[in-house]
Amino acid sequence: MPELPEVEVVRSGLEPAVTGARVAGVEVLEPRSLRRHAHGADDFAARLEGAVLERPERRGKFLWVPLAASGTALLVHLGMSGQVLVREPGVDDRQTRVRIDLEHPEHGPLRLNFADQRIFGWMALDPLAPTGLPDERVPALVAHIARDPLDPHFDDHDFITRIRARSTTVKRALLDQTMVSGIGNIYADEALWAARIHFDQPTRTLSAVKARQLIAEVRRVLTRALAEGGTSFDAQYVNVNGASGYFSHSLNAYGQQGRPCARCGRPIVRVKFMNRGAHYCASCQRIRGGSAA
DNA sequence: AAGGCTGCCTGCTTGC
DNA sequence: TGCAAGCAGGCAGCCT
């Protein structure tokens, strides 16, 4: 379940390998991995071959590599199980869906393998469009995605205002990538635990102080997970070298059902919510009625 | 506007 | 032992 920290680990790992490299060859082994590319697998390969790659960028869980002098980017979403692996030429990985061979001016030939067990992830070539900020462009398929909490232009005050104005509940809002991006099921549950907020608390009843605390805890958990190299439970998430992260050892709520809450000792419980699991401490995280003041 | 639900997917785990 | 159902869930799109 790659979320912001895992995608950022991939982006930063990719940066030295791809920046300035030329695409020497593209092989699409699984056309479904290109379902969001507008014109099919052959067009994808033909247009990507020969392109020179620039520094990879990220917003939320979306990762893209601009192609020099083209107004286009190679856009990647890892979905549930996607990986981008930097390998020696000719090396293959299990469940490789797209192979991209690179020629780097300093590192020589390299291979990128886009591997994805469940095929929820995808790649596409997508036009870059201006955001309104000087010198900032994002792919068209990312235009509707909100800034993420590690973006220097993320506006906490604006987030607090918007979340309190929405008639929804708090976990639903955290998972809504048009409200705030980069958060998935793991870090939503972790941030809610840290802020002592129940997942089903109506957002209109969140005080401004509580909403501020929530976004601060979101940022803290994302930052800590990034520092630990992301969360891995198995081979489904690895960095560009195939190594796992360590944050799974730091989880307080997600996957901790039956274990004692690190604050109060009562067991963490897991319930079904939005067709996924919600993990929380029923003692520390209660729905508070009352004023929104 | 909000949200419920489905489809997209495979591999591992659980249950009969 | 073997098979089938259940489970993991990000996102788009449809419908109410």
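In what follows, chains are A, B, ... by sequence order, proteins preceding strands, each numbered from 1. Given the structure is predicted, the values throughout are model-derived calculations rather than measurements.
- Atom-to-atom, CD of Gln177(A) to C1' of dG3(B) comes out at 16 Å; the value is rounded to the nearest Å.
- Between Tyr187(A) and dG9(C) there is no side-chain polar atom (N or O) within less than 4.0 angstrom of OP1 or OP2.
- Not one side-chain nitrogen or oxygen of Arg118(A) sits closer than 4.0 Å to the OP1 or OP2 atom of dA8(C).
- Rounded to whole Å, the distance from CD on Gln117(A) to C1' on dG10(C) is 15 Å.
- Of the candidates dC9(B), dA2(B), dG10(C), dC9(B) carries the atom nearest the Arg32(A) side chain, counting heavy atoms from C-beta on.
- In terms of phosphate contacts, Gln95(A) brings a side-chain nitrogen or oxygen within less than 4.0 Å of OP1 or OP2 of dG11(B).
- Dashed line: the shortest gap from a side-chain N or O of Lys272(A) to OP1 or OP2 of dC7(C) is not under 4.0 Å.
- Across the protein-nucleic acid pair, Lys61(A) atom NZ and dA12(C) atom P stand 10 Å apart, rounded to whole Å.
- At whole-Å resolution of the value, CD1 in Ile119(A) and C1' in dG10(C) are 15 Å apart.
- For Asn185(A) and dG10(C), the CG to C1' distance is 10 Å, given to the nearest whole Å.
- At the phosphate of dA1(B), neither OP1 nor OP2 sits under 4.0 Å from any side-chain N or O atom of Thr168(A).
- Classification of Lys61(A) and Asp148(A) as a salt-bridged pair fails, no side-chain N sitting under 4.0 Å from a carboxylate O.
- A salt bridge (Lys or Arg N to Asp or Glu O under 4.0 Å) with Asp101(A) is found for one member of Arg22(A), Arg87(A), Arg111(A) and no other, namely Arg111(A).
- Remark: Arg32(A) is not positioned above the aromatic ring of Trp122(A), lacking an NZ or CZ atom under 6.0 angstrom from the ring centre and at most 45 degrees off the axis.
- Atom-to-atom, CG of Asp176(A) to C1' of dG10(C) comes out at 12 Å; the value is rounded to the nearest Å.
- A close approach under 4.0 Å does occur between a side-chain nitrogen or oxygen of Arg166(A) and OP1 or OP2 of dA2(B).
- Residues His39(A) and Phe44(A) keep their aromatic ring centres 6.0 Å or farther apart.
- Gly277(A) comes within 4.0 angstrom of the backbone, heavy atoms only, and of no base.
- The phosphate of dA12(C) (OP1 or OP2) has a side-chain N or O of His144(A) nearer than 4.0 angstrom.
- Whole-Å rounding puts the Lys171(A) NZ to dG4(B) C1' distance at 17 Å.
- Position along DNA chain B of the nearest nucleotide to Arg35(A) versus Asn275(A) favours Asn275(A) as the more 5'-ward residue.
- Between Arg172(A) and Asp176(A) no salt bridge is recorded (no basic side-chain N to carboxylate O distance below 4.0 Å).
- Atoms NE2 (His77(A)) and P (dC9(B)) sit 16 Å apart, rounded to a whole Å.
- Listed pair Arg276(A) / dG10(C) meets the phosphate criterion, a side-chain N or O lying under 4.0 Å from OP1 or OP2.
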